[in-house]
Amino acid sequence: MIEVELYRRLADRAVGRHVAQVEAPDGWFLKGGIDAASVATALEGREVLATRRIGKLLLVDTDGPTLGLRFGMTGRLIVDDTAAIDVLEYASGRDEARWDRFTVRFAGGGLLRVNDPRRLGGVELDPDTTRLGHDALSITAAGLRAALRSSAAPLKARLLDQARVAGLGNLLVDEILWRAGIDPARPAGGLTEAEASRLHRHLRATVRSLLADGGSHLGRLQASRLRGGLCPKDGAALLRRTIGGRTTYSCPRHQT
DNA sequence: ATTGTGGCCTGCCCGC
DNA sequence: TGCGGGCAGGCCACAA
């Protein structure tokens, strides 16, 4: 989500431009029943009006359809040969033409393209946004409490559920819960008022500071988030588990 | 409805 | 030096 917000700001450069040509060489990357020809027809000649972001979904509004871009973990956005992020943790720093999954060329020059080695992202027209929860960057304490309330699922699984809170990924959730000192395996609905409030405070602060720093891979836990890693706060051996289907690192000493 | 599981994409890195 | 296998995260289909 942090990365996607940086991409959104980069994509803002395209506002006011007109689409001249669309290249979509990878049919697998096109979602929602569109193909290279139909997406080109739908977008060519259109003017980019605005950009938005909901969770990990980047929306590019035009005077025609809205273009929806998803990046998975390995996708990068490049606009006019400028990348918002130089290196992604799980992607190589390389930018090979064969990994260009989707390119929009603008009238008068310039382009917007998605480069994704592992094809984890995707492109969609007028994506359905009704199933996304409150965005993590703006969620209120009451909104977070409502998202967690009366759920027996592990707290981490609930936070990763995009229909409850939109925008949190695996690394970010580990970082937030580590800072908040809460065990990711706790039932989401079992938090006290004080814990839920503490979680909300750390959630907002973590997202904001990592956004300012430039990536979710820059968290204080990240360097230790590997087998045999020690807690940067108190030196305890970190616990490595699978929670919510995701590899999870947490400190058994201060996350309770 | 809620919760959990497994598969998919492909590059990279480890051990042999 | 090459190769096989495991791993990475987001999302989706599917099961109970």
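In what follows, chains carry the letters A, B, and so on, assigned in the order in which the sequence lines appear, proteins first and then strands, with residues in each chain numbered from 1.
Distances shown here put a side-chain N or O of A:R227 below 4.0 Å from the OP1 or OP2 atom of C:dC7. Contact annotation: A:R225 does not reach the phosphate of C:dC7 (side-chain N/O to OP1 or OP2, under 4.0 Å). The shortest distance between the side-chain N/O atoms of A:K31 and the OP1/OP2 oxygens of C:dC12 is not below 4.0 Å. Between A:S151 and B:dT3, a side-chain N or O to OP1/OP2 separation shorter than 4.0 Å is present.
Each end of the helix from B:dT2-C:dA16 to B:dC16-C:dG2 yields a helix axis from five base pairs, and these two axes differ in direction by 40° (to the nearest 10 degrees).
By the 4.5 Å heavy-atom criterion applied to side chains, A:L211 and A:L6 are counted as neighbours.
From A:R17, atom CZ reaches atom CD of A:E47 across 12.0 Å, with rounding to the nearest 0.5 Å. Within the model, atoms CD1 of A:I139 and CZ of A:R164 stand 11.5 Å from one another, a figure rounded to the nearest 0.5 Å. To the nearest 0.5 angstrom, A:D61 atom CG is 4.0 Å from A:T66 atom OG1.
Taking atom CZ of A:R101 as the reference point, atom C1' of B:dG11 lies 11 Å away to the nearest angstrom. One can place CZ of A:F71 at 21 Å from P of B:dC9, the figure rounded to the nearest angstrom. Separating the CZ atom of A:R119 from the C1' atom of C:dC11 is a distance of 15 Å, rounded to the nearest angstrom. For A:D174 and C:dG10, the CG to P distance is 10 Å, given to the nearest whole Å. In this structure, CH2 of A:W28 is placed 11 Å from P of B:dC8, rounded to the nearest angstrom. If you take CG of A:L58 and P of C:dC11, they are 13 Å apart, rounded to a whole angstrom. As rounded to whole Å, 11 Å separates atom P of B:dT3 from atom CG of A:L148. Put simply, CD on A:E124 is 11 Å from P on C:dC11, counting in whole angstrom units.
With hydrogens and angles ignored, no donor-acceptor pair closer than 3.5 Å exists between the side chain of A:R70 and the base of C:dG10.
Counting any heavy atom pair closer than 4.0 Å across all strands shown, A:G169 reaches sugar-phosphate atoms only and no base atom. Counting non-hydrogen atoms under 4.0 angstrom, A:R149 reaches nothing in the nucleic acid.
Ranking B:dG11, C:dG10, C:dA8 by closeness to the A:T247 side chain, first place goes to C:dA8.
Within residues 153-165 of chain A, the residues that have a heavy atom under 4.0 Å from DNA chain B are, in order of number, A:A153, A:P154, A:R158, A:R164.
Taking a 6.0 Å sphere around NE2 of A:H134, one finds it holds 12 or fewer heavy atoms contributed by other residues, nucleotides or ligands.
In summary, the aromatic rings of A:F29 and A:F102 are positioned with their centroids too far apart to meet the 6.0 Å limit.
Looking only at distances, a side-chain donor or acceptor of A:Q255 sits under 3.5 Å from a matching main-chain atom of A:I182.
Below 30°, between 30° and 60°, or above 60°: for A:H254 and A:W178 the angle between ring planes is above 60°, a perpendicular geometry.
Of the options A:V4, A:L59, A:L112, A:T51, a side chain to side chain contact (heavy atoms under 4.5 Å, CB included) to A:L69 is made by A:L112 and by none of the others.
Hydrophobic clustering places A:V15 together with A:V79 (ILVMFWY residues linked when any side-chain heavy atoms are closer than 4.5 Å, directly or through intermediates).
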